[in-house]
Amino acid sequence: MEGIEKLRWAKALIEEETGGKQRLLAGWDGMPAVQIADGCMVGLYFALLKSQKTGLYDCRVKGYIRTCGGYSPSARLKELTEECARIAALVAQLEAADIHGDEEAVAAFCEELKREKEPDGNGEGGG
């Protein structure tokens with residue numbers, strides 16, 4: 001897999017591994033961004049950054065805890081621990097994939113994301 005295929009794979013993997021609670025969409029700047037459902041305690045950060053050395057866009061993936069501090073019962077702590085483990089495994093899998101693409105592949109992928117977000121006239125996303 002190269003370029004746009006890896007980006008499409010990453011998008012599908014994120015949705016699959018999070019049960020659709022986190023999705024890769026076009027962000028405010030047109031670049032990919034993760035939309036996270038309100039109930040998620042752990043979030044995924046996904047960015048494509050242009051390398052000054054290679055000119056390619058390299059994928060940066062991180063996980064972060066979205067919950068606020070405070071006291072929690074054991075059940076809530078167990079849920080948080082399990083969600084952290086799932087996101088950590090997802091981040092590791094995406095990091096290992098070494099996702100990068102040239103400007104053309106990234107632009108095409110971003111255009112796909114924009115089309116999915118735009119209505120098709122029936123009140124549903126196109127694509």
Side-chain angles (χ1 to χ4, degrees):
M1 276 191 300
E2 290 299 321
I4 197 164
E5 292 89 10
K6 278 191 175 182
L7 290 167
R8 289 175 181 148
W9 169 82
K11 179 183 181 301
L13 183 67
I14 290 167
E15 286 188 39
E16 180 182 319
E17 293 297 319
T18 64
K21 292 180 181 178
Q22 298 191 38
R23 300 177 51 221
L24 202 54
L25 301 173
W28 61 270
D29 61 352
M31 294 297 282
V34 180
Q35 179 185 51
I36 302 169
D38 289 340
C40 293
M41 295 180 281
V42 182
L44 181 70
Y45 168 80
F46 182 101
L48 291 171
L49 305 173
K50 191 168 187 177
S51 169
Q52 296 298 323
K53 291 182 180 181
T54 65
L56 296 175
Y57 285 83
D58 297 325
C59 179
R60 297 289 184 260
V61 184
K62 306 284 184 209
Y64 61 95
I65 297 175
R66 299 177 72 213
T67 60
C68 296
Y71 298 102
S72 297
S74 63
R76 182 77 168 160
L77 290 173
K78 183 178 183 206
E79 288 173 13
L80 176 59
T81 301
E82 290 168 355
E83 195 171 335
C84 280
R86 283 192 304 272
I87 294 298
L90 177 57
V91 168
Q93 193 172 2
L94 290 168
E95 286 175 339
D98 189 30
I99 301 169
H100 55 271
D102 60 18
E103 195 156 344
E104 185 177 311
V106 169
F109 182 69
C110 290
E111 199 54 43
E112 288 177 12
L113 293 176
K114 286 180 195 173
R115 280 195 307 269
E116 286 181 18
K117 196 172 183 180
E118 294 173 1
D120 64 4
N122 296 325
E124 297 183 20

Exercise. Side-chain heavy atoms under 4.5 angstrom apart, residues restricted to Ile, Leu, Val, Met, Phe, Trp, Tyr: same cluster for Leu113 and Trp9?
Worked result: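 Yes, Leu113 and Trp9 fall within the same hydrophobic cluster.
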
Indicate yes or no: at least one non-hydrogen side-chain atom of [X] is less than 4.5 angstrom from one of [Y].
{"X": "Lys50", "Y": "Val106", "value": "no"}
{"X": "Glu112", "Y": "Arg8", "value": "yes"}
{"X": "Ile36", "Y": "Tyr64", "value": "yes"}
{"X": "Arg23", "Y": "Thr18", "value": "no"}
{"X": "His100", "Y": "Thr54", "value": "no"}

Inter-residue atom distance [X].[atom1] - [Y].[atom2], 0.5 Å rounding:
{"X": "Glu79", "Y": "Ser74", "atom1": "CD", "atom2": "OG", "result": "10.0 Å"}
{"X": "Leu80", "Y": "Ile65", "atom1": "CG", "atom2": "CD1", "result": "5.5 Å"}
{"X": "Leu13", "Y": "Glu15", "atom1": "CG", "atom2": "CD", "result": "10.0 Å"}
{"X": "Leu56", "Y": "Ser51", "atom1": "CG", "atom2": "OG", "result": "7.0 Å"}
{"X": "Lys21", "Y": "Gln35", "atom1": "NZ", "atom2": "CD", "result": "14.0 Å"}
{"X": "Lys11", "Y": "Phe46", "atom1": "NZ", "atom2": "CZ", "result": "11.0 Å"}

For this session: Taking all heavy atoms of Pro32 and all of Cys110, pick out the closest pair and write down the distance.
Result: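 So the two residues come closest at CD-SG, 3.6 Å.
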
Exercise. Minimum heavy-atom separation for Leu48 to Tyr57, with atom names?
Worked result: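 Between these two residues, the closest heavy atoms are O-CD2, 4.0 Å.
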
For this session: Taking atom CZ of Arg76 as the centre, report whether more than 12 heavy atoms of other residues, nucleotides or ligands fall under 6.0 Å from it.
Result: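 Open: at most 12 neighbouring heavy atoms sit under 6.0 Å from CZ of Arg76.
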
Exercise. Does the Gln22 side chain pair with the main chain of Leu44, one donor and one acceptor, at a distance under 3.5 Å?
Worked result: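 Yes; judged by distance alone, with no hydrogens or angles, the pair exists.
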
Distance-only criterion, 3.5 Å: show the donor-acceptor pairs between side-chain atoms of residues 83-99 and protein atoms not counting sequence neighbours.
{"residue": "Glu83", "atom": "OE1", "partner": "Met41", "partner atom": "N", "Å": "3.4"}
{"residue": "Glu83", "atom": "OE2", "partner": "Met41", "partner atom": "N", "Å": "2.9"}
{"residue": "Glu83", "atom": "OE2", "partner": "Val42", "partner atom": "N", "Å": "3.0"}

